[in-house]
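See below for the structure under consideration.
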Amino acid sequence: MDYDLISKYLSGNATEEEVALIFQWIDDSPANKKAFIQFKKTWAFKAKSDEDCEMAWQELESKLDNNKSKPRFSGFIKYAAILVLVVGIGYFFTQQKLSSDLPVIDKNAITLELGNGNIQIITEKEQSAILDKNGKVVGKQQGSVLSYKDVANEVVSAAPIYNELTIPYGKTFKLILSDGTVVHLNAGSSIKYPVKFIEGTKREVFLHGEAFFDVTKDADHPFVVNVNDLNVRVLGTKFNVSSYPEEENVSTVLIEGSVALHGKDNDFNSANTVLLEPGYKGEWNQKSKETSITEVDTKMYTSWVEGRMIFRNTPFKIIRKKLERHYNVSIKNNNKILEEKTYNAVFDVESIDQVLRTLNEIYSIEYIIDQNEIVIN
């Protein structure tokens, strides 16, 4: 493996084909995975200048003499150091609408609330059928995918029948709606959606948290994502929406197609609507009700779908919150200076233990672990 290619990946400039090549190499053997993690650690520790970065390459090469696929070093590294700072604060995600006579549901379980109020546990290692109130199958779940496509076609209803899917910390999930629209749900998120969209009406879903949408085109039935007081309206496109409780803004990042942003209480017209172009992010402030638009690297906002997190000039307090959801851990950070600093980081194959060790080795930051709770001093 050419480590110039890995540095390209860490800087966020690798193509999807190059990323696939890197992770194929990582999966080939435990030694490759160990070398990859060691490289990121060495780079973060050494690379304060171009000269130091070259020394980091050489030091890593000397440590990998026993690796059959010894890395090649083909040039001067021009990228800034990747600061592998981590550890997340976790909440126990509990969005369980239970009546008093029902058993307590595991807070780490994926749950599906049906139209009749019943709650069904989704077990990723198994498969199950989703039934309506009449016992008819309207959806099928297999592993980490729940699909209503084709299955819900025979549902007869004058009004939409809603299900609500809730994903806890530490997990992601894929949902396929009745029209074929694909929704990737990030950790700590929930979505309310119709079992079947009603002919002649807009396709409407309600989101809390973060999701990536690949919407099936249907010019006669616009697709609308309701998130807090914002409506994201599309016909067919790919985009990411994020609105966690700690975030001041509702962020929409457009990958392809077009989307329109407008307040849920405003009519859909040119005066009340902000249009996004591919490669741009719209941030709607929940207090001012105003939208700002900036051009962004979309991979930073969509890499989570593939299990990666990319941060660029991101405050540690935001990194910490995202990592808490990803690793399902809790942290209390007593280092207030660290909280406001901005960092670049890439997280992919490391476990939370590996991340903590790196944090301690590079920055000598003291931490205490008590089960899944972590305190940084």
Side-chain angles (χ1 to χ4, degrees), residues 88 90-98 105-115 118-131 137-152 161-197 203-216 223 225-227 232 238-245 251-253 255 301-309 321-329 347-348 352:
Y91 297 139
F92 291 111
F93 189 76
T94 58
Q95 194 170 356
Q96 305 166 345
K97 300 176 182 177
L98 301 174
I105 296 178
D106 186 350
K107 58 182 174 292
N108 294 316
I110 297 172
T111 60
L112 179 67
E113 182 175 348
L114 306 176
N118 291 340
I119 293 181
Q120 184 170 334
I121 302 299
I122 301 296
T123 304
E124 296 163 281
K125 294 182 179 180
E126 300 177 358
Q127 57 184 14
S128 62
I130 311 304
L131 309 178
V137 176
V138 296
K140 293 183 178 180
Q141 172 259 329
Q142 185 170 6
S144 59
V145 179
L146 171 59
S147 177
Y148 293 80
K149 185 180 179 182
D150 300 329
V151 187
I161 301 171
Y162 285 93
N163 284 182
E164 184 169 3
L165 182 64
T166 299
I167 313 302
Y169 283 7
K171 297 182 180 181
T172 59
F173 203 80
K174 180 179 178 180
L175 171 67
I176 305 175
L177 301 176
S178 62
D179 66 340
T181 291
V182 177
V183 185
H184 295 270
L185 287 161
N186 206 349
S189 302
S190 66
I191 186 170
K192 185 177 180 181
Y193 55 91
V195 169
K196 180 182 179 181
F197 294 113
R203 299 171 289 167
E204 192 168 24
V205 301
F206 301 84
L207 174 69
H208 294 279
E210 184 171 20
F212 178 85
F213 293 85
D214 186 351
V215 178
T216 299
F223 192 96
V225 180
N226 286 272
V227 51
V232 182
K238 296 181 180 180
F239 62 99
N240 193 83
V241 179
S242 179
S243 179
Y244 285 108
S251 299
T252 304
V253 176
I255 312 305
Y301 301 90
T302 62
S303 60
W304 66 265
V305 176
E306 298 173 341
R308 307 193 307 271
M309 292 181 288
K321 293 298 295 183
K322 289 182 178 294
L323 288 170
E324 77 183 12
R325 291 188 287 265
H326 184 77
Y327 287 105
N328 191 20
V329 295
F347 305 105
D348 35 50
I352 188 62

Measure from NZ or CZ of Arg325 to the centre of the six-membered ring of Tyr244 and say whether it is under 6.0 Å with the direction within 45° of the ring axis. yes
Donor-acceptor pair, side chain of Gln141 and main chain of Ser128, under 3.5 angstrom: yes
Before we go on, tell me: are the rings of Tyr301 and Phe212 under 6.0 Å apart, centre to centre? no
Salt bridge check, Glu124 against Lys171: does any charged N sit closer than 4.0 Å to a carboxylate O? yes
Between Asn226 and Glu204, is there a side-chain donor-acceptor contact under 3.5 Å, judged purely by atom types and distance? yes
Tell me if a side-chain donor or acceptor on Thr216 pairs with a main-chain N or O of Asp179 at a distance below 3.5 Å. yes
Would you indicate whether the side-chain heavy atoms of Gln127 and Lys140 approach each other to under 4.5 Å? no
Interatomic spacing from CG in Leu114 to CD in Gln120 - rounded to 0.5 Å: 5.5 Å
Decide yes or no on side chain to side chain donor-acceptor pair (under 3.5 Å) for Tyr148 and Tyr193, but give the supporting numbers first. CA-CA 11 Å; Tyr148 293 80; Tyr193 55 91; 2.7 Å; yes
Just by distance, do the side chain of Ser189 and the backbone of Glu210 share a donor-acceptor pair under 3.5 Å? yes
Please check if the side chain of Ser243 supplies one atom and the backbone of Val227 the other of a donor-acceptor pair under 3.5 Å. no
What distance do Ser190 atom OG and Leu207 atom CG have between them, rounded to the nearest 0.5 Å? 7.0 Å
Close side-chain approach of Leu146 to Lys174, heavy-atom, < 4.5 Å: no
